[in-house]
There are 2 protein chains.
Amino acid sequence: MRAEIVAVGTELLLGQIVNTNAQFLSRALAELGIDVYYQTVVGDNKDRIKQAIEIARDRADLIVFTGGLGPTLDDLTRDALAEYLGRGIVLHQPTMDKIEEMFSSRGVAFVESNRRQALLVDGASPLRNDTGLAVGNALAVEGTHYLLLPGPPREMKPMFTNDGSAWLRERLGASFALHSVMLKFAGIGESALEDLLIDLIREQADPTIAPYAKEGEVAVRVSTKASDPEDAARKLEGTLTEIRRRTADYLYAEDDVGIEAAVLRLLTGLRGTLSLAESCTGGMIAGMLTTVPGSADAFVGGVVSYSNGVKRKQLGVPEGLLEGEGAPGAISAETAAAMAEGVLAAMDTVYAVSVTGVAGPGSSEGKPVGLVYIGVAERGADTRVEKLQLSGDREGIRLRASKRALYLLWQVLTGRK
Amino acid sequence: MRAEIVAVGTELLLGQIVNTNAQFLSRALAELGIDVYYQTVVGDNKDRIKQAIEIARDRADLIVFTGGLGPTLDDLTRDALAEYLGRGIVLHQPTMDKIEEMFSSRGVAFVESNRRQALLVDGASPLRNDTGLAVGNALAVEGTHYLLLPGPPREMKPMFTNDGSAWLRERLGASFALHSVMLKFAGIGESALEDLLIDLIREQADPTIAPYAKEGEVAVRVSTKASDPEDAARKLEGTLTEIRRRTADYLYAEDDVGIEAAVLRLLTGLRGTLSLAESCTGGMIAGMLTTVPGSADAFVGGVVSYSNGVKRKQLGVPEGLLEGEGAPGAISAETAAAMAEGVLAAMDTVYAVSVTGVAGPGSSEGKPVGLVYIGVAERGADTRVEKLQLSGDREGIRLRASKRALYLLWQVLTGRK
């Protein structure tokens, strides 16, 4: 099956929003084994939407629309498709009931335009909207499949994941399903990881091996088509074992979680507690950890020490390390160690991580932008410090320092260092 | 002039990357007064690229391509356009010299495929690439304008901003330029702001008024076409004055900065210092503030208090507030005030902000998800506390609480409250 994704919305053409829906759907369709040949964006204009349908119908047998199902007169996708197909529009009573109930439960007078959100192209199956009002549409006409999904990602994604993909699976037949395992790596760059796996990547057939990289983390997706999970596991096992063997120092998870979640999982398993002392990362590591629900089970707290006064008073870094003739300074291995040990003692945790460095844009203490020291302290063990020279802009340096700090903690927690 | 953006790259169709180039170019073209009617994504396949050109030529008089100018055999945009137009390919010697010099300066043997990056469609003007190797192409054939830009945003953006837009301006004639002012708002939602300005938005002609919303902040862009900056200022002034009058409680900047940067600017001007005590936001506010270069001038540090122990010991919150019969608990107005006053005293700052609440997914202390207290302490003044009931998921609540906390501080610093 060949697909085209058609996003409808003038706000996309004005550059007010990014078309993240196209990425989500492209990935989701690839997982169903459906090839996406084109993505199109068209404005809120009925004639142009109809022209886009005409073109897409020539080159695809599945057209997935996003946007244009809402209540306003600018929401034209359903009308355009109905006109194009020469079909009528019908009311989907369950959606209408839900909309009226929503209005009455909020004690708000019903606004007539909302009726539009309960309309279907005649003959279409409704797709449930659990996070909004507009009903989705699915229909097949003369060999072409049409899916109409809402524009807001928080409505579109669950609708596709639930009803949309089920509808497509039925049409694709039950024989097929793609099974994949996501391997997540830290402490290694994309090209270095590819070097470790280059022969496997070059010679891949089934399973397929697809590297991804984003925001300081690297992932590899290993996939195969199989009739059931057991069959898939059998087909994946050889490749997975070989990748695990080669990448043991960096492979931190076999599901799609960040290094922060992996570290929290390990800490919870060990009944270990963690505190942080952040200077140049300025709270970024704490922010990452506390993104994870339940992080309070292991993460006790942290100090953001953006001044020497806070380093001295809240972290107990000796004055002699920070200032004066011959002092190593705030950006030094000695201060990184003292910060980690200081917060470990102050917050009485089993582990503590510290970061101090120069995020830029200017240098600091005469030290170069990108110089970063990371400390990892453990109750009853020696404190380790790593010195890094990172490149990139301020945010890049802060992000890479944060990820590296979590990787060093992961090494300690897994006994790799 | 009507434009179509054609992004070339199979990685887009697989959903491996998001098409942020289309957003950047749509905005940039809008600023030149060029309407974008379609965005298309096509894979690395010469026949399909040629078909996309055929379609785009019918409906646009400017086609802006991104991607497919690199050294590999998958980079086909230039070849496809040359074949479509029946033109040859020529070598751009200055680019070739630059590529050879790059290889020799790195002491690496020249790789023949890199020659491809120095090729132009016959008759095209070269567009300089300051951040990469591939030369851009600009040409006009039979009333259709073609711009060929590289795919990586860090190469594409400067090439467009420098040479690409200059080439387009020449073709559009010199009379025209769009001037705009970005107004940034906090403490108010998109629809409430639109309500305040609804008559202005409805009746807009020149200047135009375009609201934007993203990540808990709201902006309005006011634009006009004018021959020079003085003329633009004259045309914008009436609208700006009226918007300022209506929105004074929320308008924190007239340039495109975040509320964190605006607050730091105010603090620096007042020679005020700031500390933070973050519970449910977990370092997010500190992370936002320290994104801004030079934030250390005003931001001294913070405590992330993810446990009652840290609230007691590092922030001095009285035991009696946190636990025991009848205690208000960690999530209370009393604790928010004590946290802000505690960090103000501990870090000896002029201002301090605290946040405590339930980010979810589960409730805490029997209190509902989304309940948040924000404290703002000021040396020698009464501490203010605001109670919020936020909706959304964990990250949404944390983000909105962080932005609201910065807004409350902004109110205090500007004497609005």
Side-chain angles (χ1 to χ4, degrees), chain A residues 12-20 22-28 30 36-43 48 51-52 55 59 210 212 276 278 281-287 289-291 293 295-296 299-307 309-310 313-314 346-348 359-362 394-395 398, chain B residues 12-20 22-28 30 36-43 48 51-52 55 59 210 212 276 278 281-287 289-291 293 295-296 299-307 309-310 313-314 346-348 359-362 394-395 398:
Chain A
L12 288 160
L13 296 179
L14 291 171
Q16 290 172 355
I17 56 172
V18 183
N19 192 4
T20 55
Q23 180 187 37
F24 173 86
L25 287 168
S26 290
R27 270 200 205 174
V36 175
Y37 273 47
Y38 295 90
Q39 297 167 357
T40 299
V41 177
V42 59
R48 287 200 284 276
Q51 284 164 27
I55 290 168
R59 56 193 192 185
Y212 295 82
L276 298 174
E278 296 187 68
T281 51
M284 194 184 252
I285 306 176
L289 287 168
T290 57
T291 300
S295 42
F299 177 57
V300 166
V303 170
V304 178
S305 56
Y306 232 54
S307 60
V310 173
K313 195 169 159 205
Q314 270 73 29
M347 299 197 178
D348 193 23
R394 183 176 173 90
E395 273 314 278
R398 283 156 46 92
Chain B
L12 287 161
L13 296 179
L14 291 171
Q16 289 171 356
I17 56 173
V18 183
N19 192 3
T20 54
Q23 180 187 36
F24 173 86
L25 287 168
S26 291
R27 272 199 204 173
V36 176
Y37 274 48
Y38 295 91
Q39 297 168 357
T40 299
V41 178
V42 58
R48 287 200 283 276
Q51 284 164 28
I55 290 168
R59 56 193 191 187
Y212 295 82
L276 298 173
E278 296 187 68
T281 51
M284 193 184 254
I285 305 175
L289 287 169
T290 56
T291 300
S295 41
F299 176 58
V300 166
V303 170
V304 178
S305 57
Y306 233 55
S307 61
V310 172
K313 196 170 159 205
Q314 270 73 30
M347 298 196 176
D348 193 23
R394 183 177 173 88
E395 274 314 276
R398 283 157 45 93

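In what follows, every heavy atom counts, from backbone to side chain, and hydrogens, waters and symmetry copies are set aside. None of the values given here were measured: they were computed from a predicted structure. A note on names: the letters A, B, ... follow the listed sequences, proteins ahead of strands, and every chain is numbered from 1.
Heavy-atom pairs under 4.5 Å with chain A peak, among B:Gly283, B:Pro293, B:Ala286, B:Gly287, at B:Pro293. Heavy-atom pairs under 4.5 Å with chain B peak, among A:Glu395, A:Met284, A:Gln51, at A:Glu395. Looking only at heavy-atom pairs under 4.5 Å with chain A, the residue among B:Val310, B:Asp348, B:Leu276, B:Thr20 that has the most is B:Val310. Of the residues considered (B:Ala359, B:Pro361, B:Ala346, B:Gly362), B:Ala346 shows the highest number of contacts with chain A, using heavy-atom pairs under 4.5 Å. Put simply, of B:Asn19, B:Leu14, B:Val303, the one with the most heavy-atom pairs under 4.5 Å next to chain A is B:Leu14. In terms of heavy-atom pairs under 4.5 angstrom with chain A, the leader among B:Gly309, B:Ser295, B:Ala210, B:Ala28 is B:Ser295. Among B:Gly360, B:Gly301, B:Gly302, the residue with the largest count of heavy-atom pairs under 4.5 Å with chain A is B:Gly302. Of the listed residues A:Thr291, A:Val42, A:Thr40, A:Leu289, the one with more heavy-atom pairs under 4.5 angstrom with chain B than any other is A:Thr291.
Residue contact with chain A, scored on non-hydrogen atoms closer than 4.5 Å, involves the backbone and the side chain of B:Val18 alike. Residue contact with chain A, scored on non-hydrogen atoms closer than 4.5 Å, involves the backbone and the side chain of B:Ala296 alike. Looking at B:Ile17, only its backbone comes within 4.5 Å of chain A, counting heavy atoms on both sides. For A:Ser305, the part lying near chain B is the backbone, with the side chain staying farther off; criterion is any non-hydrogen pair under 4.5 Å.
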### Query
Hey, mind stepping through A:Val304 and B:Phe299 against side-chain contact (heavy atoms from CB on, under 4.5 Å) and telling me if it holds?
CA-CA 10 Å; A:Val304 178; B:Phe299 176 58; 3.9 Å; yes
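Between the CD atom of B:Gln16 and the CD atom of A:Gln23 there is a distance of 9.5 Å, given to the nearest 0.5 Å. Atom CD of residue A:Gln314 and atom CD of residue B:Gln314 lie 8.0 Å apart, to the nearest 0.5 angstrom.
Between B:Arg398 and A:Thr290 the shortest side-chain heavy-atom distance falls below 4.5 Å. Counting heavy atoms from C-beta on, the side chains of A:Leu13 and B:Gln39 come closer than 4.5 Å.
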